[in-house]
Amino acid sequence: MNADVAVENTSAIALWNDPTAPVSARVDALMDAMTLEEKTAQLFGVWVGASDEGGEVAPHQHEMEEPVDLDALLPTGLGQLTRPFGTVPVDPALGALSLARTQARIAATNRFGIPALAHDECLAGFAAWGATAYPVPLSWGATFDPALVREMAEAIGRDMRSVGVHQGLAPVLDVVRDARWGRVEETIGEDPYLVGTIGTAYVQGLESAGIVATLKHFAGYSASRAGRNLAPTSMGPRERADVLLPPFEMAIREGGARSVMNAYTDTDGVPSAADEALLTGLLRDTWDFDGTVVADYFAIAFLKTLHGVAADWADAAGTALRAGIDVELPNVKTYGAPLTEAVADGRVPEALVDRAVRRVLTQKVALGLLDLDWNPLPAALDATDEDDPSALRGRIDLDGPANRALARTLAEHAIVLLSNDGTLPLDRPRRIALIGPNADEPTAVLGCYSFPQHIGVRHPDTSLGIELPTLRETLAAEFPDAEITYARGTGVDDGDLSGLAEATRLAREADVTLVVLGDRAGLFGRGTSGEGCDVATLVLPGAQQQLLDALLDVETPVVTVLLAGRPYALGRGVGESAAIVQSFFPGEEGTRAIAGVLAGRVNPSGRLPVSVPRGPGSQPGTYLGAPLAHASEVSSIDPTPAFAFGHGLSYTRFEWTDLAVEAQEVPTDGEFALSLTVCNTGERSGTEVVQLYLHDPVASVVQPVQRLIGYSRLALEPREARRLRITIPADLASFTGRDGRRVVEPGELELRLSASSADPRLTARVTLTGAERHVDHTRRLHATIVQEPNT
């Protein structure tokens with residue numbers, strides 16, 4: 001169809017604008033009417049920043065890209081707007097108006113009235129000025145509470161949608177393989193089942209609010225050599241299939257994620273952005289994913305500049321498009337003129353462009369962006385708001401009481417009590433020595449993708465936009481009758497030892513010492529945790545270990561509190577601290593949650609999503625190791641952690657009894673049924689986390705000693721008991737066999753009901769019988785755990 005003729009026929013509604021027509025028919029009609037340039041324009045984004053005056057967005061000049069000329073680009077259309085709220089501080093209402101005005105311009109400028117899809121970061125909350133800063137994903141993992149994470153994600157999605165954003169670049173589904181990697185704080189943990197279930201819950205929440213969830217980073221990013229960002233990844237196909245891919249599989253199949261972002265890394269010499277077997281063969285042909293694949297920022301250009309698998313920009317564009325990347329982000333570099341020229345001269349088939357455009361337009365149709373009654377004004381604004389933009393300032397609250405209450409609940413559920421000799425909870429201490437670099441630092445609770453740490457640090461004259469009470473402030477409120485003395489002691493990473501004398505003096509004069517250690521989140525070396533902030537060992541940054549050791553030399557009990565983005569080896573602190581409280585960047589309500597745990601107002605219920613090492617040089621390593629990865633007599637290195645995956649203490653006690661197994665043997669297509677009773681035998685309410693691990697003693701390929709296959713949080717009142725009934729399908733015993741297919745093999749298994757990966761309480765020894773059975777991505781993924789009152 002001739003594009004000019006199609007567009008000029010305005011006597012009736014164009015098919016692509018008709019919401020009653022089938023989506024595929026709408027997309028077909030629109031693509032038939034588009035020129036090649038108009039098609040490729042839908043395949044890239046432009047990085048912009050919303051205006052704090054309500055005017056149109058301004059292109060963001062990134063050091064890796066040339067300036068973008070919007071006037072030249074817009075007549076052919078535009079696929080995406082990159083981070084309108086996450087580029088500069090902007091009042092949310094004025095930012096929403098700025099985005100709406102820009103969308104109106106984009107739609108009016110191209111022939112088909114197609115607006116852009118706007119995306120932003122939402123790793124630990126909507127990364128916008130004034131939006132709620134929730135705990136980081138590593139804290140989500142520590143909650144072992146998918147329902148709570150889903151609720152948080154839905155709240156994040158509502159806020160994003162209310163100001164005109166369509167897509168969120170989260171969650172991170174990378175499984176931790178080396179805790180030295182700077183982006184550990186962005187992950188959910190070191191176990192694929194935990195990552196999968198928590199990540200899927202996040203996707204469900206975000207998607208339920210109408211936001212396109214983006215799974216990242218597909219696949220292998222977290223397994224880079226030596227924990228270095230963007231380093232090559234070394235793993236076999238079996239490790240990739242059984243450890244790194246299951247969370248993505250689950251989030252697509254059960255979460256309904258509509259977008260995937262590639263990993264920067266290469267695996268065995270093949271960059272993910274060029275991996276057709278991964279992005280098309282597995283993702284689409286096997287898993288039936290029908291959404292969009294978007295490039296991690298600059299990843300297509302990196303095929304030329306970093307990986308050396310493309311000769312020029314056109315070659316990079318063709319390679320990525322063929323592999324399966326539909327959208328270039330954050331700016332146009334390769335999918336613009338280089339791609340158009342390569343199609344015109346026959347180097348890249350136009351069919352590849354059409355394939356990607358069809359996916360992009362299908363998503364825009366589904367979002368209502370092509371409907372005849374589409375309105376650029378988001379839900380938070382109305383038509384009269386354009387008349388007086390100045391009156392909008394402060395109109396939209398992205399950090400309301402409901403958000404803050406949810407952030408606090410998440411922080412409380414995520415705090416992990418690692419050890420306690422009875423010092424905690426504190427019983428009305430008269431004198432508290434509060435020591436450490438994170439004791440009086442507002443941003444110590446934030447991760448690197450929070451707006452204040454990600455963007456705000458470049459705008460020091462702009463307020464944080466949210467209330468961030470320090471632990472010093474919240475402790476004063478929690479213990480109003482106590483005398484609290486404070487000393488910084490040392491910085492997070494400056495190595496300064498000059499404050500140790502004052503710190504130890506205050507400790508000697510106190511009833512208890514609280515030493516608050518950990519990280520400062522940042523990017524590319526500006527912090528001790530975060531993207532590009534990798535470390536050589538897991539020793540505490542700077543002189544913090546020296547500070548801790550000096551305080552331990554004083555007779556006053558020392559409670560070690562960690563506000564960190566990764567686990568650290570604590571040296572003497574493991575055995576000599578009176579108690580250790582671990583928090584992974586708990587967000588804006590984090591210090592109130594910590595103060596509540598210290599006072600006993602909150603009974604800790606978090607569990608470790610990553611192991612805490614005993615020594616600083618034990619990486620790479622996780623609890624998922626095969627027998628040869630664990631301690632042995634033939635190596636002088638003992639990788640046994642100080643605190644194991646899944647570990648966490650409470651202020652009450654729990655007893656596990658009465659394990660019953662309905663059948664000791666079931667066929668390889670059957671299921672086991674177990675039950676047990678858990679009782680709170682203490683004097684206060686508390687939450688136990690029952691964890692189910694599978695141990696396969698004999699298999700055709702080497703297996704981890706054990707792996708998590710289920711879990712359940714039980715909130716119990718004093719003396720209350722619950723009966724748990726657990727159904728375990730044989731599919732959960734499957735693994736990738738020697739031929740590359742997933743198999744369930746007959747043989748003996750141990751089903752370990754545990755309080756952590758190192759603390760089995762009850763064990764069922766069972767057997768799978770019959771022939772081995774091959775399963776695929778439609779296999780059962782979960783055990784069913786039902787809580788019943790104990791009769």
Kindly indicate whether the side chain of [X], heavy atoms from C-beta on, has any atom under 4.5 Å from the side chain of [Y].
X: Phe524; Y: Asn229; answer: yes
X: Pro389; Y: Leu94; answer: yes
X: Leu30; Y: Val365; answer: no
X: His166; Y: Lys364; answer: no
X: Val136; Y: Leu123; answer: no
X: Arg111; Y: Thr35; answer: yes
X: Thr102; Y: Val48; answer: no
X: Ser450; Y: Phe585; answer: no

| field | Candidate pair Phe44 and Leu78, rule side chain to side chain contact (heavy atoms under 4.5 Å, CB included), full reasoning | value | CA-CA 7 Å; Phe44 56 74; Leu78 181 62; 3.8 Å; yes
| query | More than 12 heavy atoms of other residues, nucleotides or ligands under 6.0 Å from CG of Asp285: is that the case? | reply | yes
| said: Looking at Asp371, I'd like to know if its CG atom is crowded, meaning that more than 12 non-hydrogen atoms belonging to other residues, nucleotides or ligands lie closer than 6.0 Å. | reply: yes
| task | For Thr187, enumerate each residue passing the side-chain hydrogen bond (donor to acceptor under 3.5 Å, both in side chains) test, keeping only those at least two apart in sequence or located in another chain. | result |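 Expected list: none.
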What's the spacing between [X] [atom1] and [Y] [atom2] if we round to 0.5 Å?
X: Leu173; Y: Ser222; atom1: CG; atom2: OG; result: 10.0 Å
X: Tyr297; Y: Ile300; atom1: OH; atom2: CD1; result: 13.0 Å
X: Leu329; Y: Leu43; atom1: CG; atom2: CG; result: 11.0 Å
X: Arg161; Y: Leu206; atom1: CZ; atom2: CG; result: 11.0 Å
X: Met31; Y: Asp354; atom1: CE; atom2: CG; result: 4.0 Å
X: Glu37; Y: Leu339; atom1: CD; atom2: CG; result: 10.5 Å

| request: Determine, for Tyr449 and Lys216, whether the Lys NZ or Arg CZ falls below 6.0 Å from the six-membered ring centre while staying within 45 degrees of the axis. | output: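 Geometry flag: set, cation within 6.0 Å and 45°.
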Indicate yes or no for a side-chain donor-acceptor contact from [X] to the backbone of [Y] under 3.5 Å, with no hydrogens or angles considered.
X: Asp296; Y: Met261; answer: no
X: Arg358; Y: Ser24; answer: no
X: Asn375; Y: Leu377; answer: yes
X: Ser162; Y: Asp159; answer: yes
X: Arg520; Y: Arg526; answer: yes
X: Tyr221; Y: Thr233; answer: no
X: Glu328; Y: Tyr335; answer: yes
X: Asp399; Y: Ile466; answer: no
X: Arg322; Y: Val348; answer: no
X: Glu207; Y: Ala213; answer: yes

Which pair of non-hydrogen atoms, one from [X] and one from [Y], has the smallest distance, and what is that distance?
X: Glu56; Y: Ser51; answer: O-CB, 3.7 Å
X: Glu588; Y: Leu446; answer: N-CD2, 4.5 Å
X: Ala273; Y: Ala299; answer: CB-O, 4.3 Å
X: Gln453; Y: Gly447; answer: CB-O, 3.5 Å
X: Val163; Y: Phe126; answer: CG2-CE2, 3.8 Å
X: Arg284; Y: Leu279; answer: CG-O, 3.8 Å

| request: Show your reasoning for whether side chain to side chain contact (heavy atoms under 4.5 Å, CB included) applies to Thr292 and Ser259. | output: CA-CA 5 Å; Thr292 58; Ser259 189; 3.3 Å; yes
| said: Centroid separation under 6.0 Å, is that true for the rings of Tyr134 and Trp140? | reply: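 No, ring centres 6.0 Å or more apart.
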| message | Just checking Phe248 against Trp287, ring centres under 6.0 Å apart? | response |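 No, too far apart.
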| query | Taking it one step at a time, do Val27 and Leu370 satisfy side chain to side chain contact (heavy atoms under 4.5 Å, CB included)? | reply | CA-CA 10 Å; Val27 172; Leu370 272 70; over 6 Å; no
| Asp52 vs Arg393, salt bridge (charged side-chain N to carboxylate O under 4.0 Å, His left out): CA-CA, chis, key distance, verdict | CA-CA 9 Å; Asp52 198 41; Arg393 194 174 298 276; 3.1 Å; yes
| field | Worked verdict on Phe218 versus Asn262 for side chain to side chain contact (heavy atoms under 4.5 Å, CB included) | value | CA-CA 5 Å; Phe218 195 64; Asn262 73 281; 5.5 Å; no
| Is there a donor in the side chain of Thr40 and an acceptor in the side chain of Thr340, or the other way round, less than 3.5 Å apart? | yes
| Any side-chain donor near an acceptor of the partner, Gln363 and Gln167, under 3.5 Å | no
| Salt bridge check: are Arg26 and Asp18 linked by an N-O gap of less than 4.0 Å? | no
